[in-house]
S.K.: 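Before I ask anything, here is the structure I am working with.
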Amino acid sequence: MTRLLAELSGTAVTERLTAESVIVIPTGAIEHHGPHLPLSTDALLAESLATAAVERGVAAGLDLWQLPTLSYTKSDEHHWAPGTMWLTWETLMATLVDIGRSVASTPARKLVFMNGHGGNGALLQVANRELRRRFGLQTFTMPAGIQRAGSGGDTGADEHGLGIHAGHGETSLVLHVRPDLVDMSLAERNVPEHIAKLEYIGFNGMPVSFGWMSNDFGPSGVIGDPTAATAEAGAVLFEESVARSVEALREISRFSFTDPAHG
């Protein structure tokens, strides 16, 4: 039985969805990922991971439904690279509002953005509140997969906490999902190690963020070290990601603003 919402008829949507249903929409991107990965990397991973998580969650008794992947998003940090397809923040926000309005016309009251592109993160947080205010939906944003910077040792790649784009983890995931789309002969390390020496400014949870374009760090557009990526490492990340996503979706399905025990 399908859990792809777009495969239902309009009548079936009203019959099969309830206020307890959770609608999941993967959000990705079509953007430059160095010379070794496809433009579709973020959309591919967001959809693959979301599909696996929805299928496993449904098997575990969750009422989950998946919308088609939103692939054209906010990728202006890669605007300089041919092939990147990006929307302005105004266009993407308007699109997210329109999607929220459409979801609100169904019986479902919970909408989850399962995001595979870091450049969407801030705007999705704004959209969460906008859709809550306008349409009364419960809205959530969560990562589609686990991304951790390689730290040497077993990973074979020390990215000094800076592996955020087309590096070890992301390349390993694509090698697991679609190895035919990866050309490892073109993989090159590009880690701005001087930034790792800073106390406050950086990526991955550092307290001071900053505006950047991917070619600020070099002409390849890579920020990380894909050279030691493997399909085996990708399989581990994929499984960890799906397992964590199912547990997150389980919690989302039970979430309430007020304590149910006190009415």
Side-chain angles (χ1 to χ4, degrees), residues 1-7 17-18 20-29 33 37 40-71 73 96 99-100 103 106 108-125 127-128 131-132 137-150 155 163-165 167-178 204-205 229 231-256:
M1 183 179 298
T2 185
R3 284 289 170 153
L4 300 178
L5 193 65
E7 293 185 355
L17 272 64
T18 73
E20 305 305 316
S21 299
V22 178
I23 294 180
V24 176
I25 177 167
T27 55
H33 272 76
L37 289 178
S40 63
T41 291
D42 289 346
L44 169 67
L45 293 180
E47 182 165 317
S48 299
L49 289 158
T51 298
V54 167
E55 289 177 351
R56 190 177 301 183
V58 169
L62 303 181
D63 186 14
L64 308 175
W65 299 87
Q66 184 174 339
L67 279 172
T69 301
L70 184 59
S71 296
T73 57
L96 295 170
I99 290 172
V103 168
T106 77
R109 308 319 298 158
K110 293 187 177 185
L111 174 62
V112 180
F113 297 106
M114 192 173 287
N115 184 41
H117 168 49
N120 293 333
L123 197 62
L124 287 172
Q125 292 296 333
N128 279 342
L131 300 187
R132 176 67 185 157
L137 295 171
Q138 290 188 16
T139 49
F140 307 84
T141 296
M142 58 182 283
I146 294 171
Q147 287 286 336
R148 61 172 68 96
T155 71
I164 65 164
H165 187 69
H168 182 267
E170 198 164 36
T171 301
S172 293
L173 280 167
V174 182
L175 281 169
H176 170 62
V177 174
R178 284 292 303 275
N204 296 327
E232 292 75 19
V236 171
L237 278 176
F238 193 93
E239 173 57 29
E240 290 182 14
S241 297
V242 173
R244 187 178 70 173
S245 292
V246 171
E247 291 309 306
L249 290 168
R250 187 188 308 279
E251 195 165 280
I252 287 169
S253 71
R254 298 171 177 169
F255 178 80
S256 173

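Counting from 1, the numbers follow the sequence of the chain as shown.
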S.K.: What residues, two or more places apart in sequence or in another chain, satisfy ring pair (Phe, Tyr, Trp, His ring centres under 6.0 Å) together with His33?
M.R.: His165

S.K.: Show the nearest heavy-atom pair for residues Ser71 and Ala43, with the distance to one decimal.
M.R.: OG-CB, 3.5 Å

S.K.: Any ion pair linking Glu247 and Arg250 (charged N to carboxylate O, less than 4.0 Å)?
M.R.: yes

S.K.: Please report the C-alpha distance between Leu131 and Ile99 in whole Å, then the side-chain angles of each, then the deciding distance to 0.1 Å, and finally whether the side chain to side chain contact (heavy atoms under 4.5 Å, CB included) criterion is met.
M.R.: CA-CA 9 Å; Leu131 300 187; Ile99 290 172; over 6 Å; no

S.K.: Within the structure provided, determine whether Trp65 and Thr106 are in side-chain contact (heavy-atom separation under 4.5 Å).
M.R.: no

S.K.: Identify, with sequence neighbours excluded, every residue that meets side chain to side chain donor-acceptor pair (under 3.5 Å) alongside Thr18.
M.R.: none

S.K.: Which distance, rounded to the nearest 0.5 Å, do you find between the NE2 of His117 and the OG1 of Thr41?
M.R.: 12.0 Å

S.K.: Set out, in order, the CA-CA distance, both residues' side-chain angles and the distance that settles side chain to side chain contact (heavy atoms under 4.5 Å, CB included) for Val22 and Leu62, then state yes or no.
M.R.: CA-CA 8 Å; Val22 178; Leu62 303 181; over 6 Å; no

S.K.: For the residue pair Pro143 and Arg244, establish whether any side-chain heavy-atom pair is separated by less than 4.5 Å.
M.R.: yes

S.K.: List the atom of Gly145, the atom of Leu49, and the distance in Å for their closest heavy-atom pair.
M.R.: CA-CD1, 3.8 Å

S.K.: Minimum heavy-atom separation for Leu137 to Ala108, with atom names?
M.R.: CD2-O, 3.9 Å

S.K.: Which residue is it: Arg254, Lys110, Met142? I am looking for the one with a side-chain contact (heavy atoms from CB on, under 4.5 Å) to Leu249.
M.R.: Met142

S.K.: Test Val103 against every option in Thr139, Ile25, Ile23 by the side-chain contact (heavy atoms from CB on, under 4.5 Å) rule and name the one that passes.
M.R.: Ile23

S.K.: What's the separation between atom CG in Leu173 and atom CG in Leu44, rounded to the nearest 0.5 Å?
M.R.: 9.5 Å

S.K.: Below 4.5 Å, heavy atoms only, C-beta onward: do Gln138 and Ile252 meet side chain to side chain?
M.R.: no

S.K.: Salt bridge (charged side-chain N to carboxylate O under 4.0 Å, His left out): which pairs involve residues 137-148, sequence neighbours left out?
M.R.: Arg148-Glu240

S.K.: Tell me whether Gln125 at atom CD has more than 12 heavy atoms from other residues, nucleotides or ligands lying less than 6.0 Å away.
M.R.: yes

S.K.: What pairs of residues pass the ring-ring contact (aromatic ring centres under 6.0 Å, His included) test when at least one of them lies in residues 42-63, not counting sequence neighbours?
M.R.: none

S.K.: Donor-acceptor pair, distance only, cut-off 3.5 Å: does the side chain of Thr73 make one with the backbone of Gly28?
M.R.: yes

S.K.: Sequence neighbours excluded, which residues qualify as side-chain contact (heavy atoms from CB on, under 4.5 Å) partners of Val58?
M.R.: Arg3, Val54, Leu64

S.K.: Using side chain to side chain donor-acceptor pair (under 3.5 Å) as the criterion, list what pairs up with Thr141, not counting sequence neighbours.
M.R.: Asn128

S.K.: Give the minimum heavy-atom separation between Ala233 and His168, together with the two atoms involved.
M.R.: CB-CE1, 4.2 Å

